[in-house]
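Okay, structure first, notes after.
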Amino acid sequence: MTTDSSFVVSSPGKVIIFGEHSAVYAIAAAVSLRTYLLVSPSSDAEDIVLEFPDINLTHTWKRSSLPWEAISKFINQDQPQTTEELIPEVVNELANTLSDMKQAIHFAAANSFLYLYVNLLKRDTPGMRFTVRSTLPIGAGLGSSASISVCLASAFSIVGGHVSAATLTKDDLSTEGEDSEFIDAWSFMGEKCIHGNPSGIDNAVATHGGAVMFQRTQSSIPSIRTNMRNFPSLKLLLTNTKQPRRTSDLVGNVSRLSTEYPKTTESILNAMDHLTREGYQLMIRPSLDEKDKARLRELFEINHGLLVALGVSHPVLEKVRILTDELNIGKTKLTGAGGGGCAITLVNDNVEESLIKSLIEKYSEYGFETYETSLGGKGAAYLALTQQDSVEFNSEKFLELTEREEIENAIGVSCKDGWRFW
Ligand SMILES: Nc1ncnc2c1ncn2[C@@H]1O[C@H](COP(=O)(O)OP(=O)(O)O)[C@@H](O)[C@H]1O
Ligand SMILES: C[C@@](O)(CCOP(=O)(O)O)CC(=O)O
Ligand SMILES: [Mg+2]
């Protein structure tokens with residue numbers, strides 16, 4: 001891959017159906033909201049330019065200002081190897097380069113960017129411009145951190161020559177080859193930079209797409225991913241309370257509970273594992289009858305209750321739950337790390353559209369937003385831009401797009417031909 005050509009990579013967010021914060025099992029599916037990363041030549045080959053307008057962050061590093069010498073003995077640049085934990089010496093060296101990032105969300109994103117950059121690219125790689133736009137809400141439980149990590153890992157892996165550009169069309173079944181495993185593994189390192197101790201489910205879904213039953217194992221053993229090809233078409237409402245929160249804080253609080261009340265917390269997490277497996281058994285049936293769906297709704301209710309017990313709900317999430325209960329629309333659980341962000345409602349059979357409309361109107365009084373999204377779509381994707389495309393679609397134009405529709409119409413995976421998948 002030459003560094004004077006432009007390309008875009010993209011990756012989806014996810015919705016966790018059961019088992020967030022889980023010790024072992026969780027089920028998640030890709031959503032159609034996605035992150036897009038445009039890689040284009042930098043006007044000065046010395047400059048590595050990061051443009052993250054979704055979090056109001058722009059930064060330029062001189063290639064030579066990165067601590068190549070100091071980190072060289074800790075990493076293998078010819079054949080990058082992921083590690084169980086982030087390499088502390090590399091993290092420390094990069095922290096010096098990040099000292100002017102005062103906000104935690106800026107630091108997390110730039111840290112993930114640089115950690116992946118120095119592992120996957122070399123000192124002599126000409127500087128480029130990395131422009132990110134996401135149609136996902138950031139920090140709302142839909143896996144934007146994993147989605148951006150997959151975009152960065154796949155872009156750097158292409159430029160570094162560690163993976164080939166994707167070739168599958170949207171109608172091909174994913175092959176789960178070495179390249180997508182490489183991207184998955186490195187995006188997991190990016191997730192670690194953003195929230196410390198991720199399970200790996202978000203980056204797995206953001207890389208491979210579809211829906212998975214994910215089984216976390218002991219850290220030295222790879223997690224087990226079971227694809228759910230017949231993911232049932234469930235009527236789900238996805239509601240963003242807009243209450244900001246950071247996954248790292250919530251994960252940290254659950255681990256504090258585990259230390260302070262080990263047996264109690266373990267019992268809650270065990271219960272969550274059991275219910276996730278029960279949910280899985282229901283969801284893999286060839287077709288779901290009304291009784292099965294009623295049971296899934298009950299499991300939603302139990303799952304939410306257990307998450308409340310772990311201290312990761314929030315009054316606004318309870319408001320969503322109470323409204324859907326009061327109007328008898330369905331059962332609601334928080335999704336993602338909680339503490340704000342999004343909730344999903346599994347809607348009862350035969351609910352009148354007018355009732356859903358009145359619920360959405362009520363939501364807007366509280367400032368909540370509902371999303372229309374389909375589940376189980378494609379994972380990481382790649383779009384080569386021709387010379388002509390690059391003139392028509394450069395980073396300035398990418399930055400000017402504002403609404404989700406504008407981004408999707410200009411570059412969207414489901415709207416534009418030419419996208420390829422791993
Ligand atoms: N489009 C984006 N641009 C820049 N940073 C992003 C973007 N998406 C995610 N991030 C990073 O990920 C963080 C949010 O991750 P997290 O707290 O795990 O929430 P979630 O993954 O549910 O959206 C942000 O604070 C930021 O550091
Ligand atoms: C809380 C957790 O289960 C999901 C976090 O998802 P999100 O960052 O809130 O989208 C953590 C994880 O599985 O990595
Ligand atoms: Mg996240």
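Please read these numbers as outputs of a predicted model, since none were measured by experiment. Order of listing sets the numbers, starting from 1, for every ligand and every atom in it. The figures that follow rest on heavy atoms only: side chains count, while hydrogens, waters and symmetry mates do not.
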task: Using distance alone, determine whether Pro198 and ligand 2 share an N or O pair under 3.5 Å.
output: no
message: Please verify the inter-ring angle class for Phe368 with Tyr366; under 30° counts as parallel, over 60° as perpendicular, anything in between as tilted.
response: parallel
Asp389 side chain to Thr386 side chain, donor-acceptor N/O pair below 3.5 angstrom: yes
query: Can a donor-acceptor pair be found between the side chains of Arg129 and Ser42 at a distance below 3.5 Å?
result: no
statement: Among non-hydrogen protein atoms, atom 19 (O) of ligand 1 lies closest to Gly139 CA, 3.3 Å
statement: The residue among Asn303, Asp273, Thr276 that forms side-chain hydrogen bond (donor to acceptor under 3.5 Å, both in side chains) with Ser22 is Asp273
query: Which residue supplies the protein heavy atom nearest to atom 13 (O) of ligand 2, what is that atom called, and how far is it?
result: Ser199 OG, 2.6 Å
message: Do Ile27 and Phe214 make a side-chain contact, defined as non-hydrogen atoms from C-beta onward lying under 4.5 Å apart?
response: no
message: Using heavy atoms and a 4.0 Å limit, tell me yes or no: is Ala140 in contact with ligand 1?
response: yes
query: Does Ser145 bring an N, O or S atom to under 2.8 Å of the Mg ion (ligand 3)?
result: yes
query: For atom 3 (O) of ligand 2, which candidate among His21, Lys14, Arg246, Glu191 provides the closest heavy atom?
result: His21
- prompt: Can Ser187 and Ser149 be counted as having a side-chain donor-acceptor contact under 3.5 angstrom?
  reply: no
- prompt: Who gets closest to atom 9 (O) of ligand 2 by heavy atom: Glu20, Arg245, Lys192?
  reply: Arg245
Distance filter under 4.0 Å to Ser134 heavy atoms, resulting ligand 1 atoms: 1 (N)
query: Do Ser145 and ligand 1 have an N or O pair less than 3.5 Å apart?
result: yes
message: Regarding Thr324 and Thr332, do their side chains bring together a donor and an acceptor under 3.5 Å, going by distance alone?
response: yes
field: Exam field: side chain Arg34 to backbone Gly379, donor-acceptor pair closer than 3.5 Å
entry: yes
message: Using a 4.0 Å cut-off to any heavy atom of Val132, which atoms of ligand 1 qualify?
response: 1 (N)
- prompt: Asp54 to ligand 1: N or O pair under 3.5 Å?
  reply: yes
- prompt: Of the protein's non-hydrogen atoms, which lies at the shortest distance from atom 27 (O) of ligand 1, and what is that distance?
  reply: Ile105 O, 2.9 Å
task: Would you please test Arg225 and Asp184 for salt bridge (Lys or Arg N to Asp or Glu O under 4.0 Å) and show each step?
output: CA-CA 12 Å; Arg225 226 175 42 235; Asp184 186 0; 3.3 Å; yes
query: Parallel, tilted or perpendicular: which describes the rings of Tyr117 and Phe113, with under 30° parallel and over 60° perpendicular?
result: parallel
task: Would you mind running through ligand 2 and noting each atom that sits below 4.0 Å from a heavy atom of Leu142?
output: 10 (O)
task: Ignoring hydrogens, just give me the one of Ala109, Ser144, Cys342 whose non-hydrogen atom is nearest atom 20 (P) of ligand 1.
output: Ser144
field: Element-labelled atoms of ligand 1 that are located less than 4.0 Å from some non-hydrogen atom of Leu142
entry: 22 (O)
Of Lys319, Lys331, Lys333, the residue whose pairing with Asp325 passes salt bridge (charged side-chain N to carboxylate O under 4.0 Å, His left out): Lys331
query: Are any of the side-chain nitrogens in Glu260 or Arg256 under 4.0 Å away from the carboxylate oxygens of its partner?
result: yes
message: With heavy-atom distances below 4.0 Å as the criterion, list the atoms of ligand 2 near Gly143.
response: 10 (O)
query: Any nitrogen or oxygen of Asp202, main chain or side chain, under 3.5 Å from a nitrogen or oxygen of ligand 2?
result: yes
Ala337 backbone acceptor or donor facing Thr247 side chain under 3.5 Å: no
message: If only side-chain N and O atoms count, and only distance matters, is there a donor-acceptor pair under 3.5 Å linking Thr265 with Ser258?
response: no
task: Please confirm whether Thr247 comes within less than 3.5 Å of ligand 1 when only nitrogen or oxygen atoms on both sides are compared.
output: yes
field: Arg245 to ligand 1, any heavy atom closer than 4.0 Å
entry: yes
Under 4.0 Å to a heavy atom of Phe52 - the qualifying atoms of ligand 1, by number: 4 (C)
query: Backbone or side chain, does any N or O of Gly141 fall under 3.5 Å from an N or O of ligand 2?
result: yes
- request: Among all protein heavy atoms, pick out the one at the shortest distance from atom 8 (O) of ligand 2; state its residue, atom name and that distance to 0.1 Å.
  value: Thr247 OG1, 2.7 Å
- request: Please work out whether any backbone atom (N, CA, C, O) or any side-chain heavy atom from C-beta onward of Asp202 is under 4.0 Å from ligand 1, and answer side chain, backbone, both or neither.
  value: neither
field: Proximity of Ile194 to ligand 1 by residue part, where a heavy atom lies under 4.0 Å
entry: side chain
- request: Report the C-alpha separation of Tyr115 and Trp186 in whole Å, then their side-chain angles, then the decisive distance to 0.1 Å, and conclude whether the ring-ring contact (aromatic ring centres under 6.0 Å, His included) test is met.
  value: CA-CA 10 Å; Tyr115 194 89; Trp186 276 100; 7.1 Å; no
Residue part near ligand 1, for Ile148, under 4.0 Å between non-hydrogen atoms: side chain
query: Which residue supplies the protein heavy atom nearest to atom 22 (O) of ligand 1, what is that atom called, and how far is it?
result: Gly141 N, 2.8 Å
- request: May I ask you to list the atoms of ligand 1 that are less than 4.0 angstrom from any heavy atom of His195?
  value: 18 (O)
Short side-chain to backbone donor-acceptor contact, Tyr25 and Phe18, under 3.5 Å: no
query: Touching ligand 2 at all, Ile16? Heavy atoms, strictly under 4.0 Å?
result: yes
N or O contact, Ile138 vs ligand 1, cut-off under 3.5 Å: no
query: Non-hydrogen atoms of His195 versus ligand 2: any pair closer than 4.0 Å?
result: yes
query: Parallel, tilted or perpendicular: which describes the rings of Phe130 and Phe156, with under 30° parallel and over 60° perpendicular?
result: perpendicular
